[in-house]
Amino acid sequence: MALRIYDTLTQAKREFVPVTPGQVTMYVCGMTVQNKPHVGHIRSSLSAELMRRYLEHLGFSVRYAYNFTDIDDKIIERASQESVGWESVSERNIAAYRQFADLHNIKQATVYPRATEHIAEMHAMIARLIDRGHAYAAGGDVYFEVRSKADYGKLSNRRVDELREGYRIEPGEIKKDPLDFALWKGAKPGEPAWESPWGPGRPGWHIECSAMAMKHLGETIDIHGGGQDLIFPHHENEIAQSEACTGKPFANFWCENGLVNLSGSKMSKSVGNFFFIEDIAAKVDPEITRFYLLSTHYRSPIEFSLERLEEAGVAYARLRGPLERTQAWTAADGPAPGGALGEAVATAERLFHEAMDDDFNSAAAVGHLFDLARAINRALDEGGTSEATQGARRLLALGGILGLFWKAPATDAAWPAEVLALAEERVAARAARDWKRSDALRDQLAALGVLVEDSGQGQKLKRR
RNA sequence: GGCGGCAUGGCCAAGUGGUAAGGCGAGGGACUGCAAAUCCCUUAUUCCCCGGUUCGAAUCCGGGUGCCGCCUCCA
């Protein structure tokens, strides 16, 4: 079965065929690094990374660029509030993003291009757009002329004439049409500026993505990602300027991810309802956050709350159960077990791939993982340990395609001495059939956040 | 107002023509000294409402209702 991907531009799913056989280029609009990364940034990165992982699993070689827009009004504003250079604001937030992406097992992109490192490429593009009659310089700025491109609005299904209503020209802007957008913004006194053929200034918002995508991935890229809130105007403008420049399609698949909601409405600074990822990571195991985000389809909105995450934690523990019971933390894959479990493995693997082939449906794929987990538990309960271990390794491999199961559980050696002492005493109490003492020790351990489970193989400690 | 999307059991969430995945929660049972974990069973005759197409619709069409996003910086 072939991989099918939903494309915003054509508003339909279709079979994925890359420009170059065997190779895939992906560009994702990443952070404008004016603040610390929030949950939405992680979701968007994760959605793109999910595609990347699956494409690689299918055997494609993927070249993936995740950009940082490291200069804009708010970065400048923030730097001036803090009396530091814009670079220090950008650097700090980029570092934070990289740290938390890593913490959530988001594979590093092939390249992390930054806007300010591509000023020359942007200048070249702007010059070309002016040559071709799609852009004009005015008062130190350069604008893209929206009306010069007949298909402007095709991504977001908007028509220029309808958009004009209510649109206003900012003071100081000298545009031919209110919808024209800045490719280059002339510097105001005291602002960071780069030299250009049109005078000192800095890039407008959208041009950096076109310039960087083309430089690192080529003039037509396979997959372009980002949050759904970027469809208009950002992605719309990217298409317009890129295609006006090259005359070629800019991206074959537009894959925008759904947004993160908080108590029913979109997370945003103006409403004051948003989660920095560092605050979440302090409370929730990143592996659980990752699992939670993957358990909803990437294009659907997702509600983010501590309750949801706690629920996900219980579910995820269940999924990891067979791995812990068999200690199958290495040697993912391996031979398939026989018998009923073998059938369950084959079924789960088939359904998992069918789900992922259908526009990266990780939510459905995860569901099939639960079925496999149950089959392994059943085999284990029936004493088929080696079969179950083989099954667990297959489960580990499937989860690995989604970037799950990357952390083995804490071993006994990692427990504090205090915990180990209590545990040891409890083993002794149980040997003496002193249930009263045994239960008291279990309560004491619970108070330390340690869950005790008794089984045929003796007592097991778990963090709760 | 324009554009896009969504409405599935107590909650979360898959499912685009063939008779409702999965998770959480809840109830019952097995196992256990008791628990926990695990397994088994039960928990939507029904998918916002009304029409229509079809042998057959949660899935397609028409009309409602409600919610969300974009149209201004936002992943």
Side-chain angles (χ1 to χ4, degrees), chain A residues 8 11 13 28-32 34-35 37-48 66 72-74 97 153 155-159 161-168 170 179 205 225-234 236 256-261 264-270 274 291-292 295-297 299-303 305 307-308 310-319 321-322 324-325 351 355 358 361-371 373-382 430 433-436 438-439 442-443 446 451-456 459-460 462 464:
Chain A
T8 308
Q11 295 181 3
K13 283 182 210 173
V28 170
C29 293
M31 287 180 74
T32 299
Q34 54 199 213
N35 207 335
H38 59 236
V39 178
H41 294 121
I42 292 300
R43 184 183 196 199
S44 149
S45 302
L46 188 54
S47 302
Y66 179 95
D72 90 319
D73 290 350
K74 285 184 181 161
Y97 169 81
L155 181 70
S156 55
N157 282 309
R158 275 155 230 246
R159 271 156 285 291
D161 294 315
E162 285 166 3
L163 277 167
R164 292 192 67 171
E165 274 178 67
Y167 222 91
R168 65 173 203 273
E170 296 292 327
L179 288 166
W205 179 28
Q228 278 171 356
D229 51 353
L230 295 181
I231 294 174
F232 189 90
H234 185 58
E236 192 68 73
E256 283 93 355
N257 61 274
L259 304 180
V260 175
N261 287 169
S265 56
K266 180 191 162 184
M267 187 172 76
S268 81
K269 290 172 207 169
S270 49
F274 72 107
F291 168 77
Y292 176 63
S295 62
T296 295
H297 185 91
R299 275 191 291 109
S300 302
I302 191 169
E303 184 74 25
S305 70
E307 286 129 283
R308 287 281 89 78
E310 275 166 26
E311 201 177 290
V314 176
Y316 190 59
R318 177 175 172 72
L319 209 50
E324 303 198 356
R325 293 179 75 186
L351 295 176
D358 184 13
N361 193 339
S362 60
V366 162
H368 300 124
L369 257 32
F370 278 100
D371 287 332
R374 182 182 300 106
I376 298 168
N377 280 326
R378 196 182 296 133
L380 233 25
D381 287 353
E382 287 164 3
R430 285 175 57 73
R433 304 184 71 79
D434 183 352
W435 308 126
K436 228 176 161 151
S438 163
D439 291 352
R442 182 164 64 196
D443 291 345
L451 206 71
V452 183
E453 289 178 8
D454 297 315
S455 75
Q459 146 183 306
K460 265 202 330 214
K462 271 186 170 175
R464 59 173 301 272

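Throughout, a chain's letter reflects where its sequence line sits, starting with A, and its residues are numbered from 1. Bear in mind the structure is a predicted one, so any value in this text is a computation, not a measurement.
- The distance between atom CD of A:Glu303 and atom C1' of B:G69, rounded to the nearest whole Å, is 14 Å.
- The base of B:A21 has none of its N or O atoms less than 3.5 Å from a complementary donor or acceptor on the side chain of A:His368.
- Looking at RNA chain B, the stems built from 3 or more consecutive Watson-Crick or G-U wobble pairs, each pair with its key distances under 3.5 Å, are B:1-7 with B:65-71, B:10-12 with B:22-24, B:25-30 with B:38-43, B:48-52 with B:60-64.
- Residues satisfying the side-chain contact (heavy atoms from CB on, under 4.5 Å) test with A:Asp371, not counting sequence neighbours, are A:His368, A:Arg374.
- Scanning for side-chain contact (heavy atoms from CB on, under 4.5 Å) contacts around A:Asp73 gives A:Lys185, A:Arg202, with sequence neighbours left out.
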* Asked: With the sugar-phosphate defined as primed atoms, P, OP1 and OP2, and the base as all remaining atoms, what B/S/- string results for nucleotides 24-38 of chain B, 5' to 3', for protein heavy atoms under 4.0 Å?
  -> S--------BBBBSB
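- B:G15 and B:A7 have their P atoms separated by 10 Å, with the value rounded to a whole Å.
- B:G69 atom P lies 16 Å from atom CG of A:Asn257, rounded to whole Å.
- At whole-Å resolution of the value, CG in A:Asp73 and C1' in B:U72 are 13 Å apart.
- Contact of the A:Asn157 side chain with the A:Gln11 side chain is registered, since non-hydrogen atoms from C-beta on lie closer than 4.5 Å.
- Residues that satisfy the ring-ring contact (aromatic ring centres under 6.0 Å, His included) test with A:His297, not counting sequence neighbours, are absent from this structure.
- With distances taken from any side-chain atom of A:Arg308 to the nucleotides B:C12, B:C68, B:A75, the minimum falls on B:C12.
- Here A:Lys460 pairs with nothing under the salt bridge (Lys or Arg N to Asp or Glu O under 4.0 Å) rule; sequence neighbours left out.
- Under 4.0 angstrom from either OP1 or OP2 of B:A14 there lies at least one side-chain N or O belonging to A:Ser300.
- For A:Val366, the side-chain contact (heavy atoms from CB on, under 4.5 Å) partners are A:Phe291, A:Phe370, A:Leu402, not counting sequence neighbours.
- Atom P of nucleotide B:G5 and atom CD1 of A:Ile302 are separated by 20 Å, given to the nearest angstrom.
- A:Ile376 contributes atom CD1, which lies 12.0 Å from atom CG of A:Asp381 (distance to the nearest 0.5 angstrom).
- When distances run from any side-chain atom of A:Ala363 to the nucleotides B:A14, B:G22, B:G4, the shortest one goes to B:A14.
- Scored by the side chain to side chain donor-acceptor pair (under 3.5 Å) test, A:Arg299 finds A:Asp359 as partners (sequence neighbours excluded).
- For A:Arg430, the salt bridge (Lys or Arg N to Asp or Glu O under 4.0 Å) test picks out A:Asp454, with sequence neighbours left out.
- Rounded to whole angstrom, the span from the CD atom of A:Glu256 across to the C1' atom of B:G69 amounts to 13 Å.
- Of the C1' atoms belonging to B:C41 and B:C47, the separation is 25 Å, rounded to the nearest Å.
- One finds a side-chain N or O of A:Asn361 lying less than 4.0 angstrom from the OP1 or OP2 phosphate oxygen of B:G15.
- Within the nucleic acid shown, A:Val28 has no heavy atom closer than 4.0 Å to any nucleic acid atom.
- Closest contact between the side chain of A:Arg159 and the listed nucleotides B:C3, B:A14, B:C68 involves B:C3.
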